[in-house]
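Only this structure's heavy atoms are used, side chains among them; waters, hydrogens and symmetry mates stay out.
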Amino acid sequence: MRRPYATPEQLAAWTGTPAPTGAERLLARASEDIDSALLTAVYPVDEDGDPTEPAIVAALADATCAQAEYWLATGDDGTGAAGRWDSVSIGPVSLSGRSSSPPAASGVELAPRADRTLRRAGLTPGRVIAW
């Protein structure tokens, strides 16, 4: 996997609070979700697949921070396990109040701010162009 689009320092600046423990892993997961949301996006990249235009680099960093911020606010760790049930018991197992939203067209549940950031940068929605 390539490096995350944002650093723990960028996340701290975005949220206005110190980066949490495990921020590197959280940002790596958030970057994977951003990549999944951009499967049909077209923008210049270098030989490693990293964006080269400063505006795109900034948009991807902001969207990654927004995704991580959303997870931190909802108590998720990027796995998607948190926020799926409003009540959970372990023994003898009880789940109630399914609270998931339908997945986006990309199959990724993007944070609203991450989605808006990508849209403003012209990166979503993607479209297929016949060659």
CG/Leu123 to CG/Leu38 distance, rounded to the nearest 0.5 angstrom?
5.5 Å
Can you tell me how far CD of Glu32 sits from CD of Gln67, rounded to the nearest 0.5 angstrom?
11.5 Å
For Thr124 and Leu110: C-alpha separation, side-chain torsions, deciding distance, then whether side chain to side chain contact (heavy atoms under 4.5 Å, CB included) applies.
CA-CA 12 Å; Thr124 60; Leu110 279 183; 5.8 Å; no
Could you tell me whether a side-chain N or O of Asp48 sits under 3.5 Å from a main-chain N or O of Asp50, the two making a donor and an acceptor?
no
Which pair of non-hydrogen atoms, one from [X] and one from [Y], has the smallest distance, and what is that distance?
X: Pro4; Y: Ser31; result: CA-OG, 3.3 Å
X: Ala6; Y: Ala61; result: CB-O, 3.8 Å
X: Ala59; Y: Thr117; result: O-CG2, 3.4 Å
X: Tyr5; Y: Pro51; result: CE2-CD, 4.1 Å
X: Ala30; Y: Ala68; result: CB-N, 4.2 Å

Name every donor-acceptor pair, under 3.5 Å, that has one atom in a side chain of residues 7-14 and the other anywhere in the protein, sequence neighbours excluded.
from: Thr7; atom 1: OG1; to: Glu9; atom 2: N; distance (Å): 3.4
from: Thr7; atom 1: OG1; to: Glu9; atom 2: OE1; distance (Å): 3.3
from: Thr7; atom 1: OG1; to: Gln10; atom 2: N; distance (Å): 3.1
from: Thr7; atom 1: OG1; to: Gln10; atom 2: OE1; distance (Å): 3.4
from: Gln10; atom 1: OE1; to: Thr7; atom 2: N; distance (Å): 2.8
from: Trp14; atom 1: NE1; to: Glu69; atom 2: OE1; distance (Å): 3.0

So do the side chains of Tyr43 and Leu60 get within less than 4.5 Å of each other, counting heavy atoms only?
yes
Side chain proximity check, Leu72 to Thr17, heavy atoms < 4.5 angstrom
no
Would you say Val57 and Val42 are hydrophobically clustered, going by side-chain heavy atoms of ILVMFWY under 4.5 Å?
no
Applying side-chain contact (heavy atoms from CB on, under 4.5 Å), name anything that partners Pro112, two or more places apart in sequence or on another chain.
Tyr70, Arg116
Apply side-chain contact (heavy atoms from CB on, under 4.5 Å) to Glu53 and list each qualifying residue two or more places apart in sequence or on a separate chain.
Pro44, Ile56
Once salt bridge (Lys or Arg N to Asp or Glu O under 4.0 Å) is applied, do any residues pair with Asp62, and if so which ones, sequence neighbours excluded?
none
May I have the list of side-chain donor-acceptor pairs in residues 18-28 shorter than 3.5 Å, sequence neighbours left out?
none

Asp115 bridged to Arg119 by N-O distance under 4.0 Å
yes
